[in-house]
2 protein chains.
Amino acid sequence: MADQLDRILAQWHAEKPGLDVSPMAVVGRLSRAASAVDARLAATFAGHGLDSSTFDVLATLLRSGPPYSLAPAALARDAMISTSAVAQRLNKLEARGLVARKANPDDGRGTLVSLTPAGRNLIEAALPDHLATEHALTGALTKKEQAQLAALLQKLTDAAG
Amino acid sequence: MADQLDRILAQWHAEKPGLDVSPMAVVGRLSRAASAVDARLAATFAGHGLDSSTFDVLATLLRSGPPYSLAPAALARDAMISTSAVAQRLNKLEARGLVARKANPDDGRGTLVSLTPAGRNLIEAALPDHLATEHALTGALTKKEQAQLAALLQKLTDAAG
DNA sequence: TATTGTTATACTCTATAACTATA
DNA sequence: TATAGTTATAGAGTATAACAATA
């Protein structure tokens, strides 16, 4: 049962028999797995009126614990995007009443972003659904396989710097 | 040596001790590995004046073998994007002289996209560099680990598909 | 001077819909 | 009528740079 990547590798073997294209099997499947998983997660998010970046912001605030409040810079670090991208995400979330911005009492330059009650309710409702989706995906693997996969992905990430 | 994902999991354990967040270890690392690998590949592409979507189009044409010519619909299927997105990528590649469009002699409605000599030269030069980058990444894993990783990713993709 | 955060702006990429031409 | 392909258009998302306020 050759999949698309097997066909791609076969094409390369035919066209470039001298090249060792074996890494493509790993890198190509990594890319496809990430896409497929993202699509499944996005479907769950959409069921709650969220997308993955919105979910990430709300989930980051939730898992930070009471008072569910962080500086924009911390959100930017966590999501690995610019602070301006965070500001623009926050504008939308604030317009929807899911987060609120307050002045940071300890630093007049700073802002603190907090979950509103509505934002808290939304992320508390979405989180179990999201976890159920993740369990459904990883459930195809044994616990041992999951641990192996996580370790191998970690090695690859380290190699990529 | 806790990484960022270990810290995230620890936060969830503290905030939601009743939830089994173990799938996040796998899904989170998948996402981070894909991002890290993409960034490394993009750096190699940039060294040849390419980005990953441009490389994909040229590489798809090359591995299709002589006469290095495909219909836009085939390129769209391969890249999993709309035909209009393909048309717009091709406009740019054609403006750079890397591909050429000709009428399909067998179907008056159709177009055939071919590598120009310049396009052929560029992808032939970029491919070994790209493979070297992929070898550098996967070289952190033994051959056996690479095979394991590919198989586990395949299982996960199937579960998501 | 450096830092925090926001906004203005421009850029890239994409999909939907409208359109042309051919089967 | 259906299919292949292109273009026009609009939307989403981002980063760079300019700006305001505070440290």
Side-chain angles (χ1 to χ4, degrees), chain A residues 31 34-36 38-39 41-43 45-46 48-58 60-61 64 69-96 98-114, chain B residues 31 34-36 38-39 41-43 45-46 48-58 60-61 64 69-96 98-114:
Chain A
S31 166
S35 295
D38 280 352
L41 300 185
F45 296 148
H48 292 271
L50 297 170
D51 58 23
S52 71
S53 40
T54 310
F55 178 90
D56 278 348
V57 170
L58 299 180
T60 302
L61 289 170
S64 74
S69 197
L70 291 171
L75 291 168
R77 259 194 311 278
D78 195 272
M80 297 191 292
I81 57 176
S82 68
T83 57
S84 104
V86 167
Q88 290 169 74
R89 285 186 188 180
L90 292 176
N91 288 344
K92 292 183 190 168
L93 286 166
E94 198 174 28
R96 291 176 62 187
L98 300 175
V99 304
R101 287 194 258 221
K102 299 175 191 170
N104 184 338
D106 298 330
D107 185 335
R109 298 168 304 181
T111 301
L112 286 178
V113 183
S114 310
Chain B
S31 166
S35 293
D38 280 353
L41 299 185
F45 295 148
H48 292 270
L50 296 170
D51 58 24
S52 71
S53 38
T54 311
F55 178 91
D56 278 349
V57 170
L58 299 180
T60 301
L61 289 170
S64 73
S69 198
L70 291 171
L75 292 167
R77 259 195 311 277
D78 195 272
M80 297 192 291
I81 58 176
S82 69
T83 58
S84 104
V86 167
Q88 289 170 75
R89 284 186 189 180
L90 293 176
N91 287 345
K92 292 183 190 167
L93 286 166
E94 199 175 29
R96 291 176 62 186
L98 300 175
V99 304
R101 286 193 258 221
K102 299 174 189 170
N104 183 338
D106 299 330
D107 185 334
R109 299 169 302 183
T111 302
L112 287 177
V113 183
S114 311

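Order of the sequence lines fixes the chain letters, A, B, ..., with proteins taken first and strands second; residue numbering starts at 1 for each chain.
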Visitor: Would you mind reading off the distance between A/Asp106 atom CG and C/dG5 atom C1', rounded to a whole angstrom?
Guide: 17 Å

Visitor: Find the distance A/Asn104:CG to C/dT6:P and express it as a whole number of Å.
Guide: 12 Å

Visitor: Between C1' on C/dG5 and CG on A/Leu112, what's the gap in Å once rounded to a whole number?
Guide: 12 Å

Visitor: Tell me, do B/Thr83 and B/Pro72 make a side-chain contact under 4.5 Å, heavy atoms counted?
Guide: no

Visitor: If I take atom CG in residue B/Leu75 and atom P in nucleotide C/dT14, what distance separates them, rounded to the nearest angstrom?
Guide: 13 Å

Visitor: For D/dT7, does OP1 or OP2 lie under 4.0 Å from any side-chain N or O of B/Asn91?
Guide: yes

Visitor: Rounded off to whole Å, could you give me the CD1-to-P distance for the A/Ile81 and D/dA12 pair?
Guide: 17 Å

Visitor: Round to a whole Å and report the spacing from CE of B/Met80 to P of C/dC13.
Guide: 18 Å

Visitor: The side chain of A/Ala73 lies closest to which of these nucleotides: C/dG5, D/dT6, D/dA23?
Guide: C/dG5

Visitor: Counting side-chain heavy atoms from CB outward, which of D/dT7, D/dT3, C/dT6 is closest to A/Ala87?
Guide: C/dT6

Visitor: Starting at the 5' end of DNA chain C, which residue's closest nucleotide do you reach first, A/Asp107 or A/Ala85?
Guide: A/Asp107

Visitor: Do A/Leu75 and A/Leu90 come close enough that some side-chain heavy atom pair is under 4.5 Å?
Guide: yes

Visitor: In the structure I gave you, are the side-chain heavy atoms of B/Asp56 and B/Asp78 within less than 4.5 Å of one another anywhere?
Guide: no

Visitor: Which nucleotide wins on minimum distance to the side chain of B/Asp51, given the candidates D/dT14, C/dC13, C/dT6?
Guide: C/dC13

Visitor: Measure the shortest side-chain to side-chain distance between A/Leu70 and A/Val113 over non-hydrogen atoms and say whether it is less than 4.5 angstrom.
Guide: no

Visitor: Verify the contact: side-chain N or O of A/Arg89 to OP1 or OP2 of D/dT14, cut-off strictly under 4.0 Å; return yes or no.
Guide: yes

Visitor: Quick one: is C/dT12 close enough that its OP1 or OP2 comes under 4.0 Å of any side-chain N or O from B/Lys92?
Guide: no

Visitor: Let me know the distance between CG of B/Leu90 and C1' of D/dT7, rounded to the nearest Å.
Guide: 13 Å

Visitor: Does OP1 or OP2 of D/dA15 have a side-chain N or O of A/Ser82 closer than 4.0 Å?
Guide: yes

Visitor: Heavy atoms under 4.0 Å, any strand shown: does A/Thr111 hit a base, just sugar-phosphate, or nothing?
Guide: sugar-phosphate

Visitor: C/dT6 P sits how many Å from A/Arg109 CZ, rounded?
Guide: 14 Å

Visitor: A/Ser84 has a side chain; which of D/dG5, C/dA8, C/dT3 sits nearest to it?
Guide: C/dA8

Visitor: Report yes if a side-chain nitrogen or oxygen of A/Arg101 is closer than 4.0 Å to either non-bridging phosphate oxygen (OP1 or OP2) of C/dG5; otherwise report no.
Guide: no

Visitor: For residues B/Val57 and B/Val86, determine if any side-chain heavy atom of one lies less than 4.5 Å from a side-chain heavy atom of the other.
Guide: no

Visitor: Here's a test of your reading of the structure: between B/Thr83 and A/Gly108, which maps to the more 5' nucleotide of DNA chain D?
Guide: B/Thr83

Visitor: Which of these nucleotides, C/dT14, D/dT14, D/dT6, is closest to any side-chain atom of A/Gln88?
Guide: D/dT14

Visitor: Give the minimum heavy-atom separation between B/Ala79 and B/Arg89, together with the two atoms involved.
Guide: CB-NH1, 4.1 Å

